[in-house]
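Taking it in order: structure first as structure tokens, then the write-up.
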Amino acid sequence: MFKKFRTYPRLSACIRGKIWFLILVFTSMTDASGQDGYAAQRKAMVETIAALARETQSETKRGALDKRVLAAMEKVPRHRFVPDDVAPLAYANRPLPIGNGQTISQPFIVALMTDLLDLKPADRVLEIGTGCGYQAAVLGELAREVYTIEIVEPLAKESATRLAALGYRNVSARSGDGYQGWAAHAPFDAIIVTAGAPAVPPALIEQLKPGGKLVIPVGPQWSGQQLLVIEKNADGGTTTRNLLAVRFVPLTREKQ
Ligand code: SAH
């Protein structure tokens, strides 16, 4: 009996301690609005993006970015797409390392390229270069169906698992060489390439619907790329606009 009375209060203190610990962990993960603790940082990131869009207007020929694009950027939890050690930097307007020698793109570039696609809610989009899956998630917020291809297999697997865990059921991800597009799901309303290509892959033009847009960085590896917006005309021809200098990791090829 004595033992019982002595251990019971100790046990309850231990449970109380655990409950307090759980409350602390939970409150550090959520803020007053019930969202994750990064909501304020995400909002600030979107303000930075909107300001940069105004500053670069003469180069990008793009005025204010579409409100839907900014809302998507404010919704997608970028910190869930980067390794834990760089999560505190997730909402800085900069690319970050994601392992396998690859990066997550700069938020402003993600927003700008998404805006250039002029997505409508019923659209089907193809992305080449899934990386961590962040751009795919942003597209998933704006279009009906998103298809994304990643050449580095472990990254492709990881991003597919991550996108599913975050509830992006409209995003289909697979590993492979995106140079050939994804014929089984073509044609697409829009195509985005997030790696620097030496030239425009012909299959991507073929897999674009008339009136559709392809946004792609083209140029030499690591430097000197230009962001192109290619619109497919009704007659199958294309109109190309050269927007601004960008720097992406190279589009690599599977051994032929
Ligand atoms: N879209 C990513 C950026 C990824 S960086 C984001 O949301 O942040 C570009 C990615 O393209 C890299 O992961 C690289 O492995 C991939 N890549 C390069 N060449 C490719 C190819 N031929 N097909 C598919 N993916 C490719």
Side-chain angles (χ1 to χ4, degrees), residues 42 45 49 69 72-73 75-83 86-87 89-117 119 125-143 146-163 166 168 171-183 185-186 188 190-204 207 214-222 225 227 246-256:
R42 219 163 21 243
M45 178 192 79
I49 291 170
V69 172
M73 299 292 296
K75 187 167 172 204
V76 179
R78 193 170 188 258
H79 65 280
R80 300 281 300 271
F81 291 82
V82 297
V86 291
L89 298 172
Y91 296 99
N93 184 37
R94 49 175 281 194
L96 293 167
I98 56 164
N100 292 282
Q102 302 302 334
T103 54
I104 180 171
S105 298
Q106 185 193 15
F108 171 63
I109 289 292
V110 172
L112 176 67
M113 289 174 79
T114 307
D115 191 68
L116 289 165
L117 294 173
L119 295 176
V125 192
L126 173 66
E127 178 194 28
I128 310 302
T130 319
C132 60
Y134 177 69
Q135 172 77 72
V138 172
L139 297 171
E141 294 287 343
L142 296 163
V146 178
Y147 297 89
T148 182
I149 309 175
E150 169 56 52
I151 202 163
V152 177
E153 204 172 334
L155 278 180
K157 276 194 185 145
E158 228 175 79
S159 52
T161 307
R162 177 181 292 121
L163 288 161
L166 289 170
Y168 287 99
V171 181
S172 308
R174 75 160 169 89
S175 65
D177 184 353
Y179 192 88
Q180 303 298 348
W182 196 335
H185 295 288
F188 300 97
I191 302 180
I192 178 171
V193 181
T194 62
V200 179
L204 301 187
Q207 293 177 20
L214 164 63
V215 175
I216 179 170
V218 174
Q221 281 201 4
W222 298 106
Q225 300 152 357
L227 188 63
V246 285
R247 199 181 164 118
F248 278 83
V249 297
L251 187 81
T252 52
R253 299 296 318 277
E254 258 168 8
K255 288 191 188 79
Q256 300 299 304

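These figures come from a predicted structure and were not determined experimentally. Order of listing sets the numbers, starting from 1, for every ligand and every atom in it.
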Identify the closest protein heavy atom to [atom]: which residue and atom is it, and at what distance?
atom	value
atom 11 (O) of ligand 1	Gly129 CA, 3.2 Å
atom 22 (N) of ligand 1	Thr252 O, 2.6 Å
atom 9 (C) of ligand 1	Thr194 O, 3.2 Å
atom 8 (O) of ligand 1	Ser105 N, 2.9 Å
atom 7 (O) of ligand 1	Gln135 N, 2.8 Å

At less than 4.0 angstrom from any non-hydrogen atom of [X], what atoms of ligand 1 do you find?
X	value
Gly176	23 (N), 24 (C)
Val152	15 (O)
Ile128	23 (N), 24 (C)
Ile104	8 (O)
Thr103	3 (C), 4 (C), 5 (S)
Tyr134	7 (O)
Gln102	12 (C), 13 (O), 14 (C), 15 (O)
Val249	5 (S), 9 (C)

Does [X] reach the main-chain N or O of [Y] with its side chain, forming a donor-acceptor pair under 3.5 Å?
X	Y	value
Arg78	Tyr91	no
Ser175	Ile149	no
Glu150	Gly131	yes
Gln225	Phe248	yes
Ser105	Val110	no

>> Among Met113, Glu254, Glu150, Gln180, which one puts a heavy atom closest to atom 13 (O) of ligand 1?
In response: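 The option holding the nearest heavy atom is Glu150.
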> Of the choices Gly178, Gly196, Gly181, which has the non-hydrogen atom that lies closest to atom 23 (N) of ligand 1?
Replying inline: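 Minimum heavy-atom distance to atom 23 (N) of ligand 1 goes to Gly178.
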To the nearest 0.5 Å, what is the distance between [atom1] on [X] and [atom2] on [Y]?
X	Y	atom1	atom2	result
Asn100	Glu158	CG	CD	7.0 Å
Thr252	Glu254	OG1	CD	8.5 Å
Gln207	Gln180	CD	CD	8.5 Å

> How close do Leu251 and Ile128 get, heavy atom to heavy atom, and via which atoms?
Replying inline: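 Nearest pair, atom of Leu251 first, then Ile128: CD1-CG2, 3.9 Å.
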> Nearest heavy-atom pair of Ala190 and Leu119: which atoms, and what distance?
Replying inline: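 Heavy atoms of Ala190 and Leu119 come nearest at CB-CD2, 3.7 Å.
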> Would Pro95 count as a contact of ligand 1 if the rule is a heavy atom under 4.0 Å away?
Replying inline: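 Flag not set, Pro95 not near ligand 1.
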> Applying a strict 4.0 Å limit to heavy atoms, is Pro250 in contact with ligand 1?
Replying inline: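 The answer is yes, since Pro250 has a heavy atom less than 4.0 Å from ligand 1.
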>> Other residues, nucleotides and ligands only: do more than 12 of their heavy atoms fall within 6.0 Å of CZ on Arg162?
In response: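 Yes, the 6.0 Å shell around CZ holds more than 12 heavy atoms from other groups.
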At under 4.0 Å between heavy atoms, is it the side chain or the backbone of [X] that contacts ligand 1, or both, or neither?
X	answer
Ile151	both
Glu127	side chain
Leu155	side chain

> Are Pro77 and Arg42 side-chain neighbours, meaning at least one heavy-atom pair lies under 4.5 Å?
Replying inline: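 Heavy-atom side-chain distance check passes, below 4.5 Å.
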>> Would you call the rings of Phe81 and Tyr134 parallel, tilted or perpendicular, taking 30° and 60° as the class edges?
In response: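 It falls in the perpendicular class, over 60°.
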> Is Arg253 in polar range of ligand 1, meaning some N or O pair under 3.5 Å apart?
Replying inline: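 Looking only at distances, the answer is no, because the N/O contact criterion of under 3.5 Å is not met.
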